[in-house]
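Written out below as structure tokens is the structure these notes cover.
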Amino acid sequence: MSDLTTLLEVGGPVAALGGGAAYARAKHPAAYWSTVGLPVSTVRLLSSYGSIMEACGLTVAPSRLRVLAVKATTQREVRPVPPRRGIIRPTTTGLRIRLRLAPGQEPADFAASAERLRHAWGVHAVYVTTVKPGVVDLRLVGYDVLRRVRMPRKTAHGPLEVPVALREDATPFVRDYRTIPHQLTLGATLSGKSMYLRHLIAGLSPQSVAMVGIDCKRGVELAPFAPRLSALATDPEQAAELLPVLVNEMEERYDLIKARQGIAPGTPDEEITSDIWGLPDDERPVPVILFVDEVAELFLVATKKDEERRDEMVTQLIRLAQLGRAAGIYLEVCGQRFGAELGKGATMLRAQLTGRVCHRVNDEASAKMALGDIAPEAVQAACSIAPERPGLAVAGDTSGGWSRIRTPYLSLGDAAETCRESAHLVPDLPALKPFRPDVPVRPVETAAPVFLPRPVTD
């Protein structure tokens, strides 16, 4: 009886501890990783590093000098040599290990064995990045960071750079307009495409940039950000008037660059430029970012007159995509579908959009429109996005690289408030003043009248 009592006294706290760990792992994975997962994974990695590398085929034959030294000092068998391992660096989401490749190895060998290493060390995922020739970084992610997105507190970014989402390897996905000037973002209804757009606009609002919007849904997506927009078109008719103005602005900037290039002999080479970023600060025009929401609305036609207007708008968009980067004009094109069935010029415009972000789509053809021509293997990843995970997307570019990302939640009110607070940063562009949206005046909040109790009298 006493043994049973002792067992119950000991088993109760152990069961409670195990239940608490299971609850923390399911509901608070970050806390579970910091307290339980990190120490367990570290011990497992240190104790089995050599054997796991050998099992995964990531070892090489030892050098002749090593073989002679082992045979001269010990009688044990000479085993293959794993890559030299650096210090284990813990992070809030996993571990990082730097490895020096042995002669004859390449980073592709480790990338091919990433799934084996994940199961062997009991982590959520393993990612391989090349640091320099002969050195790779293994990033071990302890849990699914895309289930509940938490952006890093400190993210280094510069002008025209916006940390807009989190990658599946726990690094921030930064939208860099100077590296990838134009981008196509696709997604079905309720897929998180609007949330992605909110983060872009809210992140760009505090920067010195002019934002122009074309929202043919009567402005319901972009109108809340009107205080920070330099121009807004809410239907195809207004878009047909706005796009020629942007093209003229681009041509004037090219004239400015040409005037700067026609300088006197003897001028230092660093003052000769082919885009606005080489101009002096006092001469450089402000960058312009054009947001096009539901781009298919610009292609739809009902009459012959609409078809002529459509052709003109598409031609102007293609010109901006081809020539706008050097003039500091960038495109952010959003829609549910975007392909050849939209009409003449659609495929040519898509080819100019270097970056691609594909949220959940309704069919495989839509995913192929966004990713099929740059990363065919990413199409299946985009088609497997579940409806209960809004904001999850596949991001790629014309280099062929791609990764899964997810945008954290940002309410429309918070994004609109950010735009109102930075309304004073709207640059002065005279050509866009006729298209400046009307900003409704916020009602003055008055205090409710105070009614004092009436004194009781006889």
Is it the case that more than 12 heavy atoms not belonging to [X] sit under 6.0 Å from its [atom1] atom?
| X | atom1 | answer |
| --- | --- | --- |
| I87 | CD1 | no |
| R436 | CZ | yes |
| L412 | CG | yes |

Do D414 and R198 sit within salt-bridge range, that is, some charged N less than 4.0 Å from a carboxylate O? no

Less than 4.0 Å between a side-chain N and a carboxylate O, is that true for E237 and R309? yes

Heavy-atom pair with the smallest gap, counting every atom of [X] and [Y]:
| X | Y | answer |
| --- | --- | --- |
| F291 | L222 | O-CD1, 4.2 Å |
| S230 | A210 | OG-CB, 3.7 Å |
| S205 | S422 | CB-OG, 3.2 Å |
| L371 | A378 | CD1-O, 3.7 Å |
| Q207 | L160 | OE1-N, 2.7 Å |
| P408 | V164 | CD-O, 3.8 Å |

From the options V361, T189, V295, select the one residue that forms a side-chain contact (heavy atoms from CB on, under 4.5 Å) with Q336. T189

For W33, which of L38, V141, T93 qualifies under side-chain contact (heavy atoms from CB on, under 4.5 Å)? L38

[X] side, atom [atom1]; [Y] side, atom [atom2] - distance, nearest 0.5 Å:
| X | Y | atom1 | atom2 | value |
| --- | --- | --- | --- | --- |
| M211 | I201 | CE | CD1 | 6.0 Å |
| F173 | R404 | CZ | CZ | 14.5 Å |
| M369 | T347 | CE | OG1 | 9.0 Å |
| T42 | L95 | OG1 | CG | 4.5 Å |
| L349 | K344 | CG | NZ | 14.0 Å |
| L320 | M250 | CG | CE | 5.5 Å |

Side chains of Y177 and E332, donor plus acceptor under 3.5 Å: yes

Is it the case that S366 and R337 place a side-chain donor and acceptor less than 3.5 Å from each other? yes

Taking only residues two or more places apart in sequence, or in another chain, which ones meet [X] in a salt bridge (Lys or Arg N to Asp or Glu O under 4.0 Å)?
| X | answer |
| --- | --- |
| K132 | none |
| R89 | D137 |
| R253 | E249 |

Evaluate the criterion side-chain contact (heavy atoms from CB on, under 4.5 Å) for residue pair L246 and Q316; output intermediate values, then yes/no. CA-CA 9 Å; L246 291 176; Q316 289 155 355; over 6 Å; no

Taking side chain as C-beta onward, heavy atoms only, is [X] less than 4.5 Å from [Y]?
| X | Y | answer |
| --- | --- | --- |
| R360 | L392 | no |
| P287 | W277 | yes |
| L290 | L243 | yes |
| V135 | L99 | no |
| K193 | T185 | yes |
| V136 | T129 | no |
| R175 | I180 | yes |
| V288 | V209 | no |

Worked verdict on V212 versus I329 for side-chain contact (heavy atoms from CB on, under 4.5 Å): CA-CA 10 Å; V212 177; I329 299 178; over 6 Å; no

Which is it for R167 and V145 under the side-chain contact (heavy atoms from CB on, under 4.5 Å) test, yes or no, and what are the steps along the way? CA-CA 8 Å; R167 297 181 186 270; V145 296; over 6 Å; no

For residues 205-221, which residue pairs pass the salt bridge (charged side-chain N to carboxylate O under 4.0 Å, His left out) check, not counting sequence neighbours? K217-E221, K217-D293, R218-D235

Could you give all pairs that pass the salt bridge (charged side-chain N to carboxylate O under 4.0 Å, His left out) test and reach residues 319-328, with sequence neighbours left out? E251-R319, D275-R325

Please evaluate residues L317 and V333 with respect to the criterion side-chain contact (heavy atoms from CB on, under 4.5 Å), reporting the C-alpha separation (whole Å), side-chain torsions for both, the decisive distance (0.1 Å), and the verdict. CA-CA 10 Å; L317 280 174; V333 180; 5.9 Å; no

Can you say whether the rings of Y196 and H359 are parallel (under 30°), tilted (30 to 60°) or perpendicular (over 60°)? perpendicular

Any sub-3.5 Å donor-acceptor pair from [X]'s side-chain atoms to [Y]'s backbone N or O?
| X | Y | result |
| --- | --- | --- |
| H124 | G142 | no |
| R406 | G391 | no |
| Q105 | A102 | yes |
| Y409 | V149 | no |
| R44 | W121 | yes |

Donor-acceptor pairs under 3.5 Å, side chain of residues 106-117 to any protein atom, not counting sequence neighbours: which ones?
unit_1, atom_1, unit_2, atom_2, d
D109, OD2, E106, N, 3.2
S113, OG, D109, O, 3.3
E115, OE2, R118, NE, 3.2
E115, OE2, R118, NH2, 2.8
E115, OE2, H119, NE2, 3.3

Would R85 and Y49 count as a cation-pi pair here, with the cationic atom under 6.0 angstrom from the ring centre and within 45° of the axis? yes

